[in-house]
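Presented below is the structure to which this report refers.
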Amino acid sequence: MTGVIPMTARRSSPRRPSSSQLLTRVRDRSPGLAAGLVGGAVAAGLGLGALTVLVMVLWISSPYPDSGPGGALHVAAALWLLAHGVELVRADTLSGVPAPVGVTPLLLSVVPVWLVHRAARDAVDADDDGVAPPVSARTAWAGVVLGYLTVGAGTALYAAGGSLRPSWAWTVLGLPTVVALSAGTGVWTAYGRPRGPVDRLLRLLPPGARRVLLGPRGREKFLVAVRAAGAAVAVCVGGGAGLVAVSSVWHGDVAREAFLRLTEGWSGRCAVLLLCVTLVPNAAVWGAAYALGPGFALGAGHGVGPWVSDPAPMLPPFPLLAAVPDAGAGTPWNWAAGVVPLAAGVTMGWFVGRGGMRWSVRRTAVIAGLAAAVCAAVLAVAAGMAGGPLGVGVLARFGPVWWQVGGAALAWGVGVAVPVAVVVRVCGGWVARWRTAAATKAVTKAAAKAAEEASRALSLAEARVTASRTTTASRTTEAPRATPQKAALPKATEPSKATAAKSSTPAKPAKPAKPAKPSGPSKSPRTPVVAPRDGVTLRKKTVPSVAPEATAPPSPRPVPHPKESEAYDLLPADEPVEDVWRDEALRARWDALRDELRQRAPEPGAPANTEPEPPAAKAEAEAEPPAPPSPQDRGTS
């Protein structure tokens, strides 16, 4: 029994967590979920509160308000839902038929989207110490979405009692979609933009595009395509805004008259001005659709494009609608709007071509086509959000048709961006090869020049070394001639046979000498002993006593004449030269002294020379004795 219980516990523990584990998970996740709920609710409250304050200010400043504070609050709630893409329905019409209002101000939509994104990012962001909280991505995302949708559901229920009621179908579909996407991007950003979710989305593409994007360097290719598409979208939308601005200036009188006819008070004009500002991005998208070719609709069955303009009659006066071209066929000025998509295609192709220098031409064309598809998708979504109905009948269609805008953008992208990308890729390869060749040529030329300079410097150094060695050899050869004349050394004679015999006989002990008198200088003779050198025996000499002046310390050795010491001077050399001539000079000097000693040596049997040694020679001999001979000199002698 005791052996079965542990086995059962081990088998059941992985399948069913224990109560302590469940409590730990709940305790770990509940703070993150609660924080997400609070963050989502706060984000929704901030957006709703800001819009409510603005509407209440306009209502208070209006001289003839149509309703009380409750009506203003209902309008604020309806506008907040409209900013999320929820279509509204106006019930109090003259005909009694509810009229839909589906044109979403895109600038107004930026506020709630940014708030949801920021709330989701903060729900999983790291704290001050840099340590991320124990909250998973799903928990944070779910908390923010639930908290925001809770406030959104209450707002929709409250707005249903006003004159502008939200459409329940759009409320159920549109509001959660916008909130979920915005929160998802916030969580993805907080986790460092991982590649996994992007790869899962890319697997939904066709096999060809999936093979290109998920293959080697797929992330780089995808980023290049996205950057190129973003640049093309910016050019298209910016060009559309430019067209709207030019047309508004061209029809300035009509726009000013429409602005003044809408309302008379300054509060109403401020409201119209704010509405125009929030609709500027919509007008830019409309202008981009006009430049692409399909144009936009101003009423059911009434389209406006560069080829023909047919706006609906009896349009409400509005300053932005004054920029619509006059009815009739298009003119070359209208056709000139095609420069905008052409510039967008060239920009897209340039980005792809510059980013795909390491790819083949075929792959560059595929990436350009993918960038064109991304650009078309973005413009189609923007066109769908920028338009919508403003009523029934003729007012049922306002704005561009999304699928027409997407198709035109794809055609422009494939027709312009792909060839431009291929041309830029090929020309970029040529330019890169030309630059490489030019750089290689420049490096080779510089290397050859450096080698030539090095060879020249080496030759000059060798010439200097050769000249220095030649000068050294010549000076070494002339060294004995330039040696200054030394004082005559005493003549050394070989001992005679008689002298040798006397020296062999033992001498009698000498009598002790009497001590010398202290007065006067000593007159005892000096008998220096000269050691035999190089096989030449020098006898002892008896030097008589000299005067006190002679026993004085020898005077400093006179400096030889420059001509005499020229052989022993060294000229400065640029490079270190081996100092070999010094030994040669000493050896030559010793040879000269040895030859002089041999010449002065008397023949056997000749009387010994007892001349005293000159004081100068003696001092010189004591001050600078000759260097000992080298083994080579001994062998030569």
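Just so you know, these numbers come straight off a predicted model, no measurement behind them. We number each residue from 1, following the sequence as shown.
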Pairwise distance [atom1]([X]) to [atom2]([Y]) - rounded to 0.5 angstrom:
X	Y	atom1	atom2	result
L279	L106	CG	CG	8.0 Å
L262	L273	CG	CG	11.5 Å
L37	L149	CG	CG	11.0 Å
R354	T364	CZ	OG1	12.5 Å
W170	L81	CH2	CG	13.5 Å

Heavy-atom closest contact ([X] atom, [Y] atom, distance):
X	Y	answer
A322	V254	CB-CG1, 3.8 Å
G162	H74	N-CD2, 3.4 Å
A417	M348	CB-SD, 3.6 Å
A228	A371	CB-CB, 4.1 Å
V144	A120	CG2-CA, 3.8 Å
G68	W59	C-CZ2, 3.6 Å

**Complete:** So the side-chain hydrogen bond (donor to acceptor under 3.5 Å, both in side chains) pairs with at least one residue in residues 268-285 (sequence neighbours excluded) are none
**Message:** Strictly by side-chain hydrogen bond (donor to acceptor under 3.5 Å, both in side chains), give each pair with a member in residues 284-293 just once, sequence neighbours left out.
**Reply:** Y290-N334
**Sole residue of L82, L88, L175 in side chain to side chain contact (heavy atoms under 4.5 Å, CB included) with P166** = L88
May I ask you to test the [X]-[Y] pair for a side-chain heavy-atom distance under 4.5 Å?
X	Y	answer
V226	F222	yes
V246	S248	no
V224	F351	no
T52	L48	yes
V280	L107	no
L274	L54	yes
T104	H84	no

Would you confirm whether [X], through its side chain, and [Y], through its main-chain N or O, come within 3.5 Å as a donor-acceptor pair?
X	Y	result
H302	L298	no
W412	L292	yes
S61	L58	yes
S309	D326	yes

**Asked** Can you name the side-chain hydrogen bond (donor to acceptor under 3.5 Å, both in side chains) partners of R165, sequence neighbours left out?
**Response** none
Check residues 179-189 and write down every donor-acceptor pair under 3.5 Å in which the side-chain atom is one partner and the other belongs to a residue at least two apart or another chain.
residue: S182; atom: OG; partner: V178; partner atom: O; Å: 2.9
residue: T185; atom: OG1; partner: H117; partner atom: ND1; Å: 3.1
residue: T185; atom: OG1; partner: L181; partner atom: O; Å: 3.3
residue: T185; atom: OG1; partner: S182; partner atom: O; Å: 2.6
residue: W188; atom: NE1; partner: P194; partner atom: O; Å: 2.8
residue: T189; atom: OG1; partner: T185; partner atom: O; Å: 2.7

**Item:** Derivation of the side-chain contact (heavy atoms from CB on, under 4.5 Å) call for W307 and W335
**Value:** CA-CA 7 Å; W307 308 105; W335 304 338; 3.5 Å; yes
**Item:** side-chain contact (heavy atoms from CB on, under 4.5 Å) between V416 and L342, intermediate numbers included
**Value:** CA-CA 7 Å; V416 177; L342 180 63; 4.1 Å; yes
Side-chain donor-acceptor pairs of residues 385-407 under 3.5 Å, sequence neighbours excluded:
none

**Message:** Does W359, at its CH2 atom, have more than 12 non-hydrogen atoms belonging to other residues, nucleotides or ligands within less than 6.0 Å?
**Reply:** yes
**Prompt:** Do any pairs count as a salt bridge (Lys or Arg N to Asp or Glu O under 4.0 Å) and have a residue in residues 74-91, sequence neighbours left out, and if so which ones?
**Reply:** none
